**Student:** 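Right, I'll just put the structure down here and ask away after.
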Amino acid sequence: MSTTITNKFIARIACLAFVCLLLPAQPAGAAPADTTKHSSLDVSLGLGWGYYFNDMYNVPGSEIHNNKPAFSVRAMWVPRYRLQIGVQSGYYPMFSSDAVISGQTGRLEKTYGYRAVVPFFVLASMRLVDHFYLSAGAGPAFLHYTIETDGERSDGSQWSGANFLISAEYKYPITDKLRLGVMAEYTRFGKTEDDHMTIQATIAYRLFSW
């Protein structure tokens with residue numbers, strides 16, 4: 001009797017062990033282990049054309065050349081959520097001017113002027129819908145200018161603290177790491193009260209993920 005009970009018990013254990021071997025490693029319907037990398041560092045370059053809104057009323061508008069090429073570079077921390085944080089810099093020529101003005105002695109003098117800006121913005125960017133991003137940022141900027149009158153050249157620079165940026169960008173993925181896009185950007189530089197707008201073609205590359 002005891003031998004029969006023991007044999008039945010062993011048979012049941014063997015059957016249970018065999019069934020356990022046939023079961024999947026995870027319960028049916030359970031989500032697989034999450035191995036997705038949720039953050040990345042993206043770097044993008046932008047190249048395009050800028051427009052300076054002329055507010056130099058003492059120089060005729062026809063003597064202001066306010067359409068200049070512009071260049072920008074961004075580094076963005078891209079988490080799994082919609083909000084991204086990063087920095088942006090670049091080189092933004094504002095304008096150049098050729099004018100003939102009346103000097104201190106009353107003699108007409110030929111004058112050349114040039115202004116360019118190198119900003120340092122801290123950015124927040126949000127993906128509104130697929131591939132479309134809206135960004136805003138603020139930070140200091142380095143302003144460089146050149147003035148040349150009758151062959152005498154003077155170069156100078158100054159810092160501007162109250163500056164901001166607003167941009168809208170469409171980025172289309174080409175591969176898992178590469179994106180191409182187009183960006184419209186408006187900047188305001190408080191020191192000189194300059195308003196500037198650019199349209200840039202952009203290329204973004206994902207350096208690494210974690």
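It should be emphasised that the depicted structure is a prediction, and the values quoted were computed from it without experimental measurement. All heavy atoms count here, side chains included; hydrogens, waters and symmetry mates do not. In this chain, residues are counted from 1 in sequence order.
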**Student:** For atom CG of Asp176, decide whether the heavy atoms of other residues, nucleotides or ligands shown that lie under 6.0 angstrom number more than 12.
**Tutor:**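 Not more than 12 within 6.0 Å, no.
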**Student:** Honestly curious: do Tyr205 and Met183 fall in one hydrophobic cluster under the side-chain, below-4.5 Å linking rule?
**Tutor:**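 They do not share one cluster, since no chain of ILVMFWY contacts under 4.5 Å joins Tyr205 to Met183.
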**Student:** Could you report the tightest heavy-atom contact between Arg74 and Ser167, atom names first, then the distance?
**Tutor:**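 Minimum heavy-atom separation between Arg74 and Ser167: NH2-OG, 2.8 Å.
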**Student:** Show me the pairs that pass side-chain hydrogen bond (donor to acceptor under 3.5 Å, both in side chains) and involve residues 179-189, at least two apart or across chains.
**Tutor:** Gln88-Glu185, Tyr92-Glu185, Tyr186-Asp195, Arg188-Asp195
**Student:** Do you know the tightest heavy-atom contact between Val118 and Gly90?
**Tutor:**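 That closest heavy-atom pairing would be CG1-O, 3.3 Å.
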**Student:** Do Trp77 and Phe208 share a hydrophobic cluster, counting only Ile, Leu, Val, Met, Phe, Trp and Tyr and linking them when any side-chain heavy atoms are less than 4.5 Å apart?
**Tutor:** yes
**Student:** Please check this pair: side chain of His144 against backbone of Gly156, looking for a donor-acceptor N/O pair closer than 3.5 Å.
**Tutor:**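 Yes, His144 side chain to Gly156 backbone: donor-acceptor pair under 3.5 Å.
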**Student:** Quick one: does Pro79's side chain get under 4.5 Å of Gln84's, heavy atoms only?
**Tutor:**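 Answer yes - side chains close enough.
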**Student:** Between Asn66 (side chain) and Tyr51 (backbone), is there a donor-acceptor pair under 3.5 Å?
**Tutor:** no
**Student:** Quick check: closest heavy atoms across Pro69 and Pro93, and the distance to 0.1 Å?
**Tutor:**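 Where Pro69 meets Pro93 most closely, the heavy atoms are O-CD, 3.1 Å.
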**Student:** Just to verify, what does Asp130 make a side-chain contact (heavy atoms from CB on, under 4.5 Å) with, not counting sequence neighbours?
**Tutor:** Arg127
**Student:** Would you verify whether the NZ or CZ of Lys68 falls within 45 degrees of the ring axis of Tyr52 while also being under 6.0 Å from that six-membered ring's centre?
**Tutor:**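 Not flagged: Lys68 not positioned over aromatic ring of Tyr52.
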**Student:** Do you know the tightest heavy-atom contact between Ser125 and Tyr133?
**Tutor:** OG-CB, 3.9 Å
**Student:** Keeping Ser89 on the side-chain end and Pro119 on the backbone end, is there a donor-acceptor pair under 3.5 Å?
**Tutor:** yes
**Student:** State whether the side chain of Asp98 and the backbone N or O of Glu63 hold a donor-acceptor pair below 3.5 Å, judged by distance alone.
**Tutor:**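 No, Asp98 side chain to Glu63 backbone: no donor-acceptor pair under 3.5 Å.
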**Student:** Taking the side chain as everything from C-beta on, heavy atoms only, tell me whether Asn163 gets closer than 4.5 Å to Phe120.
**Tutor:**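 Not in contact.
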**Student:** Check for me, please, whether Met126 and Phe132 land in the same ILVMFWY cluster - side-chain distances under 4.5 Å, paths through other members count.
**Tutor:**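 Result: yes, single cluster for both.
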**Student:** Are Gln158 and Thr192 side-chain neighbours, meaning at least one heavy-atom pair lies under 4.5 Å?
**Tutor:** yes
**Student:** Which atoms form the tightest heavy-atom contact between Lys191 and Leu143, and what is the distance?
**Tutor:**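 Heavy-atom minimum between the residues: CB-CD2, 4.5 Å.
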